[in-house]
Structures are given as structure tokens and as C-alpha cells.
Amino acid sequence: MRRAWRIEFEGAFYHVLSRGNEQRDIFTDDDDRLLFLELVGEMSDRFDIEIYAYVLMTNHYHILLKTKRANLSESMQWLGLTYSRRYNIRHNRSGHLFQGRFKSFLIENDAYLNQLSYYIHRNPLRAGVIDRLSDYQWSSYLTYAYGKNPKEWLKTKLILSQYK
């Protein structure tokens, strides 16, 4: 069975996620999470991608992004391979880190964009990892809600403008 084609075009919004191979952890400590976020920022610059929301769980991540060019596959492949290579070196391991290729869902309207932002930010709450969203530092929620831990590459104006 062949893989489904990805729809890619300039200005497209996507919900992107990837899980650890065999549902294993892809982040084992804070240094792994910091490395991943650093690479997300580098990917944003390198491939002209706008990042609107993210959450890092132990065995998967979610990112809400917009491509300014039709390059989603190229950019996510770079992120996955670069992170996997550095993770494997750091943890003295080899082999696949992620379960297959990343998943992506095209976002077609503003209402869903806002709902997706909620979904991404509430992920640790739904998983029972925390009792309050303000207790989780590995998502963009703290930036949106409190202006804490702002990343230079995180674009918040679009989603925040929906609430004025």
C-alpha cells in the first residue's frame, strides 16, 4: 500500500504531530526538550515556517504551524532527522526514534485554528500529567496566558487576535 500524498501549498496551516517508535519516549529529560525547541526555532528560520502553538509530551509532540512555502515535508523531515541524530548521539543509542513519518492535518478555517490551539495546550491536562495548565512548562500555553518563556519564533498575535 502506498502512502497518501501530502497536500502542501504556500500559506497553509497544519497540525503536525509525531510519536515515539513503539510509543517510547522521545524526550527523556529537559535537555532533550530544550534541544527540540531549539531545533524548532532553527527549522522556522531555515524553512520559513511560522509556529503558532506547540506541546512536548514524553512520547510525542504537537505543533500548529503555517508554511510560507510549499515545504512541509522537507522541513519536518529535517526536524525529525536532526533531532533523532542528536538524541541518539546524546543517549548513546541507534535506530529509529519516531514511529513512521510525521502526521499532518490541513487546517482550513479560523474557528478550527482556535480549537486546535486549545487542543494542543490542553494535551498534558487530558493525559493526567498535571492538574493545571500553568504547571506545565513544555508548551506554548505559558506564553499565551502569562507572557512567560516567550520564544522568538513563536507567533502569538494571530490566535490572540481572535479574542479581542
Side-chain angles (χ1 to χ4, degrees), residues 3-10 12-107 113 116-117 119-130 133 135-144 148-156 159:
R3 293 195 254 188
W5 286 23
R6 291 198 194 275
I7 299 171
E8 295 188 17
F9 57 91
E10 295 176 8
F13 285 89
Y14 297 95
H15 173 202
V16 176
L17 65 119
S18 191
R19 297 190 179 280
N21 195 28
E22 298 176 338
Q23 298 183 5
R24 293 183 180 165
D25 289 352
I26 57 173
F27 306 111
T28 55
D29 58 27
D30 289 351
D31 287 340
D32 290 340
R33 292 174 184 88
L34 290 169
L35 169 62
F36 187 82
L37 291 176
E38 177 184 315
L39 292 174
V40 168
E42 189 175 334
M43 176 194 72
S44 175
D45 289 340
R46 181 181 288 231
F47 295 96
D48 210 13
I49 303 282
E50 293 182 348
I51 310 294
Y52 292 93
Y54 67 87
V55 66
L56 310 183
M57 303 299 286
T58 55
N59 68 349
H60 69 283
Y61 66 82
H62 295 266
I63 301 174
L64 169 55
L65 59 81
K66 177 183 176 183
T67 56
K68 290 187 178 179
R69 297 180 275 150
N71 61 350
L72 178 68
S73 293
E74 180 184 9
S75 61
M76 293 309 299
Q77 181 181 28
W78 178 88
L79 177 64
L81 288 173
T82 304
Y83 179 71
S84 294
R85 186 173 57 248
R86 292 185 188 179
Y87 180 94
N88 283 348
I89 290 168
R90 183 169 182 270
H91 294 285
N92 196 30
R93 69 178 295 276
S94 62
H96 295 285
L97 181 61
F98 293 104
Q99 178 180 307
R101 67 183 188 155
F102 69 94
K103 291 179 176 37
S104 65
F105 304 94
L106 188 62
I107 311 306
L113 191 71
L116 181 56
S117 175
Y119 174 82
I120 288 172
H121 290 136
R122 292 179 52 82
N123 211 279
L125 197 59
R126 278 191 314 279
V129 175
I130 51 161
L133 288 176
D135 294 335
Y136 198 75
Q137 68 179 19
W138 300 109
S139 82
S140 50
Y141 175 77
L142 292 176
T143 303
Y144 276 96
K148 293 183 179 178
N149 303 331
K151 306 289 186 230
E152 183 179 306
W153 43 262
L154 182 64
K155 310 294 184 202
T156 59
I159 290 174

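Predicted model only: the values in this text are computed from it and were never measured.
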Determine whether more than 12 heavy atoms belonging to other residues, nucleotides or ligands lie under 6.0 Å from atom [atom1] of [X].
X: Lys103; atom1: NZ; result: no
X: His91; atom1: NE2; result: yes
X: Ile7; atom1: CD1; result: no

Donor-acceptor contact present, side-chain [X] to main-chain [Y], <3.5 Å:
X: Asn88; Y: Gly95; result: yes
X: Arg93; Y: Ile89; result: no
X: Thr67; Y: Glu10; result: no
X: Ser75; Y: Leu72; result: yes

Please report the shortest heavy-atom distance between [X] and [Y], naming the atom on each side.
X: Ser104; Y: Tyr14; answer: CB-CD2, 4.4 Å
X: Ser140; Y: Ala53; answer: OG-CA, 3.2 Å
X: Leu133; Y: Leu142; answer: O-CD2, 4.5 Å
X: Lys148; Y: Thr143; answer: O-OG1, 2.8 Å
X: His60; Y: Asn123; answer: NE2-OD1, 3.4 Å
X: Gln99; Y: Glu22; answer: OE1-N, 3.9 Å

Rounded to the nearest 0.5 Å, how far apart are [atom1] of [X] and [atom2] of [Y]?
X: Ile130; Y: Ser139; atom1: CD1; atom2: OG; result: 7.5 Å
X: Phe102; Y: Ile63; atom1: CZ; atom2: CD1; result: 10.0 Å
X: Ile51; Y: Leu37; atom1: CD1; atom2: CG; result: 10.0 Å
X: His96; Y: Arg24; atom1: NE2; atom2: CZ; result: 12.5 Å
X: Leu97; Y: Arg86; atom1: CG; atom2: CZ; result: 14.0 Å
X: Leu81; Y: Met76; atom1: CG; atom2: CE; result: 11.0 Å

Geometric cation-pi criterion Arg122 and Tyr141, 6.0 Å radius, 45° cone: no
Only one of Thr58, Leu56, Asn59 clears side-chain contact (heavy atoms from CB on, under 4.5 Å) with Phe27; which? Leu56
Check the angle between the aromatic planes of Tyr119 and His15 and answer parallel, tilted or perpendicular using the 30° and 60° thresholds. perpendicular
Which is it for Asn71 and Ile49 under the side chain to side chain contact (heavy atoms under 4.5 Å, CB included) test, yes or no, and what are the steps along the way? CA-CA 9 Å; Asn71 61 350; Ile49 303 282; 3.6 Å; yes
Any side-chain heavy atom of Tyr87 sitting closer than 4.5 Å to one from Asp32? yes
Would you mind reporting whether Tyr61 and Ile26 have side-chain heavy atoms less than 4.5 Å apart? yes
Before giving the answer on side chain to side chain contact (heavy atoms under 4.5 Å, CB included), spell out for Asp31 and Arg90 the whole-Å C-alpha distance, their side-chain angles and the decisive distance to 0.1 Å. CA-CA 10 Å; Asp31 287 340; Arg90 183 169 182 270; 3.0 Å; yes
Please walk me through it: do Phe98 and Tyr83 pass side chain to side chain contact (heavy atoms under 4.5 Å, CB included)? CA-CA 10 Å; Phe98 293 104; Tyr83 179 71; 3.9 Å; yes
Side-chain donor-acceptor contact under 3.5 Å, Glu8 with Ser73: yes
Does Met43 form a side chain to side chain contact (heavy atoms under 4.5 Å, CB included) with Trp153? I'd like the steps, not just the answer. CA-CA 10 Å; Met43 176 194 72; Trp153 43 262; over 6 Å; no
Does the ring centre of Trp138 sit less than 6.0 Å away from the ring centre of Phe36? no
Between His121 and the options Tyr144, Tyr54, Tyr52, Tyr136, the ring-ring contact (aromatic ring centres under 6.0 Å, His included) test singles out Tyr144
